[in-house]
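Read through the structure below, which is laid out as structure tokens, and then see the notes.
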Amino acid sequence: MSTLPVRVRFAPSPTGYLHVGGARTALFNWLYARNRGGKFILRIEDTDEARNTPEAMAAIFDGLRWLGLDWDEGPEIGGERGPYFQSQRKSIYDDYLARLTAAGRTYEDGGAVRFKFSRQPINVPDLVCGDVQFAATEEPDMTVRRPDGSYIFHFCNVVDDIEMGITHVIRGEDHLSNTWKHTDLFHAFGKHPPRYAHIPLILNPSGSKMSKRDEGAAVSSYIQDGYLPDAVFNYLCLLGWTPRAEKEKLDRAALITLFEVSDVHSANARFDMEKLKWFNAQYLREMSPDELLAAATPFLKTAGISTDASFAAAALQSVKEKVSLLTEFPGWVHFFFREDFPFEADAVTKLKSKPENKVLLEAAAAHFSTFADWSEHGIHKAIEEVAALQSVKPGVLMPLLRFALSGQTRGPGVTTIANLAGK
Ligand code: GLU
């Protein structure tokens with residue numbers, strides 16, 4: 001028996017934002033397609049016309065692109081099984097409804113069209129949840145077309161999966177309870193249902209289902225808050241899946257190779273923002289100076305800082321060990337880029353209360369002006385000399401000088417700052 005080439009899809013309904021659970025569903029589908037050399041299809045389930053706004057679509061496309069989840073067929077790129085918006089597929093649904101009617105599986109009821117359930121027990125084999133048995137239903141037959149001519153979700157979803165040749169349906173566990181309806185429809189059309197994999201929900205730290213209001217629910221919030229796509233990608237993979245590897249921090253190529261849908265857990269996954277932040281910090285640390293400059297520049301611009309200076313990349317590098325999010329950079333490096341940076345007020349009061357600080361700073365300024373070697377090493381030597389002349393430890397002088405140059409009691413060392421800022 002030859003196995004069909006894998007075709008999976010992400011089928012979001014536009015709601016105005018891309019939920020982190022949806023993004024993780026898309027990600028697992030994408031990993032599966034890439035692992036199997038198959039196709040990842042994007043289909044927009046936009047039958048609710050009120051929600052069909054360009055903004056709602058953009059939230060989906062932008063979020064997927066930011067995460068690097070490129071689709072092989074779908075909106076904006078097309079494909080052989082389009083259109084990829086349900087709102088443009090009505091004639092296909094009409095055609096499929098006619099087939100159901102010809103098979104004697106529909107009837108009219110007050111202007112609506114209902115699908116006659118088979119009323120047999122239905123088994124749904126699931127790659128994550130195992131075999132799920134549904135007893136013969138006692139529910140009323142399902143409306144598939146409303147009196148206004150529009151089709152309901154279950155009908156469009158199944159017709160599209162047939163028409164688009166979907167081999168595996170990987171989606172949120174919230175759809176498992178309806179899958180018997182889908183299976184019944186597949187059989188009524190004379191088709192084998194695809195393989196199902198219902199993946200666990202993502203819970204917020206308090207254990208309830210993550211809702212729109214929860215921190216981190218929208219993918220756009222990661223973009224705004226200074227997360228790196230590679231870190232979010234890696235972290236989302238771990239929500240419900242434990243890769244068979246020694247470590248959790250894994251790059252895309254490794255995650256593609258390791259992904260196995262049957263390794264996804266059936267227990268719900270809990271979202272942990274601190275862990276995501278930790279991942280982000282690790283990914284930041286690995287970036288080259290140029291990569292970091294490119295990633296941080298928009299955040300510095302927003303803070304009114306231009307990164308044109310030749311030392312900008314080095315300035316960012318000098319603080320990257322202290323930073324977890326791109327949004328934190330302006331607060332650490334602003335003094336490199338402006339003359340009128342503010343001084344921490346408490347520290348000013350404290351330092352001014354000791355007159356010897358003024359003497360030390362003046363001595364350092366005088367000594368530095370005669371000093372030719374402005375390498376980090378040279379600066380260090382100059383500081384040691386001033387300290388010796390003033391009979392203090394270099395460790396006393398250094399934080400004082402750093403404060404004078406940056407207005408901050410934390411940050412890179414004074415030799416780094418002085419060297420980068422130039423004599
Ligand atoms: N439009 C459905 C949703 O967003 C898709 C369900 C499915 O993947 O089959 O939940």
Side-chain angles (χ1 to χ4, degrees), residues 7-15 21-22 25 29 41-52 81 83-126 129 132-199 201:
R7 291 178 59 85
V8 291
R9 83 304 192 271
F10 176 50
S13 309
T15 56
T25 299
N29 276 285
I41 296 148
L42 177 61
R43 174 172 89 220
I44 305 296
E45 303 211 319
D46 58 346
T47 47
D48 178 355
E49 286 194 20
R51 285 177 155 175
N52 279 352
R81 314 281 186 106
Y84 294 91
F85 291 90
Q86 286 187 334
S87 57
Q88 296 166 16
R89 298 175 62 81
K90 187 160 183 305
S91 61
I92 299 171
Y93 305 138
D94 290 341
D95 177 42
Y96 270 73
L97 185 68
R99 292 193 212 176
L100 268 193
T101 304
R105 293 296 297 272
T106 66
Y107 60 93
E108 216 219 281
D109 178 14
V113 178
R114 286 181 185 264
F115 169 60
K116 278 190 219 169
F117 286 135
S118 66
R119 303 205 179 271
Q120 300 291 318
I122 292 175
N123 178 40
V124 174
D126 190 286
C129 307
V132 186
Q133 314 277 354
F134 293 91
T137 188
E138 290 175 7
E139 267 186 40
D141 289 328
M142 168 168 73
T143 294
V144 288
R145 201 185 69 184
R146 301 184 190 90
D148 68 2
S150 64
Y151 290 92
I152 69 143
F153 158 71
H154 302 294
F155 184 81
C156 302
N157 187 267
V158 167
V159 169
D160 288 348
D161 283 345
I162 294 171
E163 276 290 290
M164 294 181 182
I166 300 303
T167 56
H168 296 74
V169 168
I170 304 171
R171 63 183 173 193
E173 199 191 47
D174 46 339
H175 288 288
L176 178 60
S177 59
N178 285 319
T179 302
W180 66 271
K181 294 181 187 169
H182 300 180
T183 302
D184 214 358
L185 273 170
F186 274 102
H187 291 156
F189 287 121
K191 302 286 178 190
H192 277 297
R195 302 301 308 271
Y196 288 103
H198 286 91
I199 60 179
L201 300 182

*For S13 and D48, run side-chain contact (heavy atoms from CB on, under 4.5 Å): C-alpha distance rounded to whole Å, both residues' side-chain angles, the deciding distance at 0.1 Å, then the answer.*
CA-CA 8 Å; S13 309; D48 178 355; over 6 Å; no

Main-chain N/O of [Y] paired to [X] side chain as donor or acceptor, under 3.5 Å:
X    : Y    : answer
D161 : I166 : no
D184 : F117 : no
D95  : S91  : no
K116 : G104 : yes

Separation of [Y] [atom2] from [X] [atom1] (nearest 0.5 Å):
X    : Y    : atom1 : atom2 : answer
R9   : I170 : CZ    : CD1   : 9.5 Å
Q86  : I44  : CD    : CD1   : 9.5 Å
T137 : W180 : OG1   : CH2   : 3.5 Å
I162 : N157 : CD1   : CG    : 10.0 Å
E163 : F189 : CD    : CZ    : 10.0 Å
Y96  : L185 : OH    : CG    : 12.0 Å

Anything under 3.5 Å between a donor and an acceptor, one on a side chain of residues 191-199, the other on a protein residue two or more places apart or in another chain? List them.
unit_1: H198; atom_1: ND1; unit_2: D126; atom_2: OD2; d: 2.6
unit_1: H198; atom_1: NE2; unit_2: R171; atom_2: NE; d: 3.0
unit_1: H198; atom_1: NE2; unit_2: T179; atom_2: OG1; d: 3.2

*In chain order, what residues pass the salt bridge (Lys or Arg N to Asp or Glu O under 4.0 Å) check against R81, with sequence neighbours excluded?*
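R81: no salt bridge (Lys or Arg N to Asp or Glu O under 4.0 Å) contacts found.
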
*Do NZ/NE/NH1/NH2 and the carboxylate oxygens of R119 and D141 come within less than 4.0 Å?*
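Salt bridge between R119 and D141, a charged N being under 4.0 Å from a carboxylate O: yes.
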
*With a cut-off of 6.0 Å (strictly less than), are more than 12 heavy atoms of other residues, nucleotides or ligands near CD of Q133?*
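Correct, the count exceeds 12.
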
*Does the side-chain contact (heavy atoms from CB on, under 4.5 Å) test come out yes or no for Y84 and L42, once each step is laid out?*
CA-CA 7 Å; Y84 294 91; L42 177 61; over 6 Å; no

Which atom names give the shortest non-hydrogen contact between [X] and [Y], and what distance separates them?
X    : Y    : value
I122 : T183 : CG2-CG2, 3.7 Å
S118 : R105 : N-NH2, 3.3 Å
P147 : G110 : CG-O, 4.0 Å

_Show, in sequence, the C-alpha distance, side-chain angles and deciding distance for T47 and Y151, and conclude whether the side-chain contact (heavy atoms from CB on, under 4.5 Å) test is met._
CA-CA 8 Å; T47 47; Y151 290 92; 6.0 Å; no

*Name the orientation class of the two ring planes belonging to F153 and H175 (parallel below 30°, tilted from 30 to 60°, perpendicular beyond 60°).*
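Tilted, since the angle between the ring planes falls between 30° and 60°.
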
_Ring geometry between H154 and H182 (parallel below 30°, tilted from 30 to 60°, perpendicular above 60°)_ =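 Because their plane-to-plane angle lies in the 30° to 60° range, the rings of H182 and H154 count as tilted.
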
